[in-house]
**Student:** 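My questions all concern the structure below.
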Amino acid sequence: MQADRPTDDRHVPVLRDRCVNLLAAAVDAAEAAGRRAVVVDATLGMGGHAEAMLRRFPRAHLVGIDRDTEALGLAGERLASFADRTDLVHAVYDEVPEVLTDLGIDGVDGVLFDLGVSSLQLDERERGFAYSFDAPLDMRMDTSRGMTAADVVNSYSAADLLRIIRSWGEEKFAGRISSAIVSARDAAPLRTTSQLVDVIRAVVPAGASRTGGHPAKRTFQALRIEVNEELAVLERAVPAVIDTLRTGGRIVAMSYHSLEDRIVKRAFTAGTTSSAPPGFPVELEEHRAYLRSLTRGTEAPTAAEIEQNPRAASARLRAVERTRSGPADRMTT
C-alpha cells in the first residue's frame, strides 16, 4: 500500500497542460455567453487533471466521475478546497448523461477522458493489475461488484480465453496461452498474478520479450479489458458524451492502446464527416458535420514529459469541438 504518500506525489497527470489548454476556449466561450461553464472529468482517478482544470478555470463547475471508490476518496481529499464547485460521483463514464440529469445539468462545455488503467490501480499491488507483483487476480476497477480476473481464467472456455487474449490483448501467442491456462487450472485454480505469469512464461518464447516487453503484458491487458468491459463501455460513452456538449463545447480523449484509440477515432470521424450520400446535390443541415477536429491525427507526449512520467509514453490524444446544435443545446436552461 502507498496510502501514506501524498496524492499529488503518487499521480502525475498525462499531458495535463495540453488537455487544459484545449478545453480553455470552450470555458471562455461559456463565460462570454454569461453562463457558468461545466466541465466533466469522466475518468477522475486521483484528481490530477481535475485539480489543474479547477485552478485554471476559477469560475467553472466540475463533475468528476470514477467507478473506483478508492480513487474517488483520494480525489475528494485532493479537491477538498474546491468542494463548493465540484460534484464527485461514483459511476462509469458511459453513465455521464444520467449523472448530469441527476445533477440538474442540461449541457456541458468540456469533457476529458483519460482512458485505461490508472496510476492508483497499477500502484496498489493488491488490486492485481500489475504482472510485476504477486497479488490476487482481481483487476476490477470497481471492487464493489462484478467478476474478477480469477473468475475469467478459471471459468471461461479455451475458445473464449483465446478470443479475448487475441482480440483485447492483440497477443500473437494467444493460442498457446489459452491452452496453457486451461491445462494449469485443471490441476488447481489460478488465484494469483504470479501463478498466471508463470503459466504464460512457460509457453511464450523467451526471445519474444526482447521486442514485445513482458510476456504477460498483453494477456493482463486483455483480462483487464474483459473484467471491466472497457471497450463496450467506451463504445457507448463517446457518442453519449458528444450528445451532452453545447455548441462550442470540446472533448479531449487520451488513449493508451490502439483498441481504445480506434473507438475514439471512429466516433470523432463520424461527427467530423458529412453524412450526405455520395453525389447528393445539396448538403442538408442534418448531413453537415457537427464536430471539428482540434488535432491533426493524434498527439503524443514530448520526450521531456515521458522522461518525467514514463507511463505517458503510450498516450495518444485526440480532441474535437461541437460546431452545431445538438441535444444539449435544445434543452431548456
Side-chain angles (χ1 to χ4, degrees), residues 1-3 7 10-11 13-14 19 39-51 53 62-79 86-103 105 108 110-130 135-152 164 168 220-242 244 251-257 259-260 263-264 267 311 315:
M1 289 287 291
Q2 302 188 29
T7 303
R10 298 167 66 187
H11 177 223
V14 176
C19 291
V39 292
V40 175
D41 188 335
T43 47
L44 183 64
M46 287 189 282
H49 288 103
E51 181 181 30
M53 289 188 282
L62 181 131
V63 178
I65 293 174
D66 209 289
R67 64 168 75 181
D68 188 327
T69 55
E70 185 179 356
L72 277 172
L74 290 168
E77 294 174 9
R78 184 175 192 162
L79 305 177
T86 60
D87 286 295
L88 307 185
V89 183
H90 180 219
V92 186
Y93 47 74
D94 64 340
E95 299 171 321
V96 167
E98 292 80 5
V99 169
L100 295 175
T101 297
D102 290 344
L103 294 173
I105 296 171
V108 302
V111 181
L112 174 67
F113 286 105
D114 185 10
L115 301 167
V117 64
S118 72
S119 296
L120 169 66
Q121 290 154 353
L122 287 172
D123 289 341
E124 298 296 325
R125 298 183 180 190
E126 68 272 17
R127 303 289 292 272
F129 285 95
L137 268 174
D138 194 317
M139 299 195 194
R140 291 173 297 168
M141 293 178 177
D142 182 350
T143 57
S144 69
R145 59 184 175 181
M147 65 179 178
T148 66
D151 294 328
V152 173
I164 68 169
W168 303 157
F220 271 57
Q221 173 181 297
L223 290 171
R224 190 199 82 218
I225 289 171
E226 179 70 9
V227 165
N228 298 289
E229 301 181 86
E230 291 176 44
L231 300 182
V233 169
L234 187 58
E235 289 267 15
R236 297 189 295 268
V238 183
V241 167
I242 289 171
T244 70
I251 298 179
V252 177
M254 284 186 291
S255 306
Y256 293 84
H257 56 75
L259 300 172
E260 290 174 339
I263 292 170
V264 174
R311 288 178 181 166

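One-based numbering along the sequence shown.
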**Student:** At what distance, to the nearest 0.5 angstrom, does NE2 of H257 lie from CD1 of I225?
**Tutor:** 3.5 Å
**Student:** Starting at CG of L62, measure out to OG1 of T86 and round the result to the nearest 0.5 Å.
**Tutor:**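 Separation between the atoms: 7.0 Å.
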**Student:** Walk me through it: do V264 and L115 pass the test side-chain contact (heavy atoms from CB on, under 4.5 Å)?
**Tutor:** CA-CA 10 Å; V264 174; L115 301 167; 4.1 Å; yes
**Student:** Would you say V99 and V40 make side-chain contact, with heavy atoms under 4.5 Å?
**Tutor:** no
**Student:** Could you tell me the separation between the CG atom of L44 and the OH atom of Y93, rounded to the nearest 0.5 Å?
**Tutor:**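 It is 13.5 Å, given to the nearest 0.5 Å.
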**Student:** Does the pair E70 and T143 meet the rule for a side-chain contact (heavy atoms from CB on, under 4.5 Å), with working shown?
**Tutor:** CA-CA 9 Å; E70 185 179 356; T143 57; over 6 Å; no
**Student:** Which pair of non-hydrogen atoms, one from L79 and one from G47, has the smallest distance, and what is that distance?
**Tutor:**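 Closest approach of L79 to G47, heavy atoms only: CD2-O, 4.0 Å.
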**Student:** Could you state the interatomic distance from CG (L88) to CG (L72), rounded to the nearest 0.5 Å?
**Tutor:** 6.5 Å
**Student:** Going by salt bridge (Lys or Arg N to Asp or Glu O under 4.0 Å), name the residues that satisfy it together with E230, two or more places apart in sequence or in a different chain.
**Tutor:** R224
**Student:** Ignoring hydrogens and angles, tell me if any N or O in the side chain of N228 forms a donor-acceptor pair with the backbone of M141 under 3.5 Å.
**Tutor:** yes
**Student:** Distance from D41 atom CG to H49 atom NE2, nearest 0.5 Å?
**Tutor:**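 Going from CG on D41 over to NE2 on H49, the span is 7.5 Å.
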**Student:** For D138, enumerate each residue passing the salt bridge (Lys or Arg N to Asp or Glu O under 4.0 Å) test, keeping only those at least two apart in sequence or located in another chain.
**Tutor:**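 With sequence neighbours excluded, D138 shows a salt bridge (Lys or Arg N to Asp or Glu O under 4.0 Å) to R140, given in chain and number order.
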**Student:** Would one find more than 12 heavy atoms of other residues, nucleotides or ligands at under 6.0 Å from atom CD of E235?
**Tutor:**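 Yes, CD of E235 has more than 12 neighbouring heavy atoms, counting only those of other groups under 6.0 Å.
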**Student:** Can you give me the closest heavy-atom contact between M139 and V227, atom names plus distance?
**Tutor:**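 Heavy atoms only, the tightest pair is O-CG1, 3.9 Å.
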**Student:** Give, for atom CG of L231 and atom CG of L259, the distance between the pair rounded to the nearest 0.5 Å.
**Tutor:**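 The CG atom of L259 is 5.5 Å from CG of L231, to the nearest 0.5 Å.
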**Student:** May I ask you to test the V92-E229 pair for a side-chain heavy-atom distance under 4.5 Å?
**Tutor:** no
**Student:** Suppose we screen for salt bridge (Lys or Arg N to Asp or Glu O under 4.0 Å). Which residues come up paired with E98, at least two apart in sequence or across chains?
**Tutor:**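 Applying salt bridge (Lys or Arg N to Asp or Glu O under 4.0 Å) to E98 gives none.
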**Student:** Keeping the roles fixed (side chain from D151, backbone from T148), state whether a donor-acceptor pair exists under 3.5 Å.
**Tutor:**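 Side chain of D151 to backbone of T148, a donor-acceptor pair under 3.5 Å: yes, one is there.
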**Student:** Flag the pair E95 / I65 as yes when at least one side-chain heavy-atom distance between them is below 4.5 Å, and no otherwise.
**Tutor:** no
**Student:** Ignoring hydrogens and geometry, is there a side-chain-to-backbone donor-acceptor pair from D66 to G45 under 3.5 Å?
**Tutor:** yes
**Student:** Decide yes or no for V96 and V111: does some side-chain heavy atom of the first lie under 4.5 Å from some side-chain heavy atom of the second?
**Tutor:**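 Heavy-atom side-chain distance check fails, nothing below 4.5 Å.
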**Student:** Looking at every non-hydrogen atom in both residues, tell me the closest pair between Y256 and A315 and how far apart they are.
**Tutor:**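 Nearest heavy atoms, Y256 then A315: CE2-CB, 3.6 Å.
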**Student:** Over all heavy atoms of both residues, which pair between D94 and P97 is shortest? Give the atoms and the distance, please.
**Tutor:**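 Heavy atoms only, the tightest pair is O-CD, 3.9 Å.
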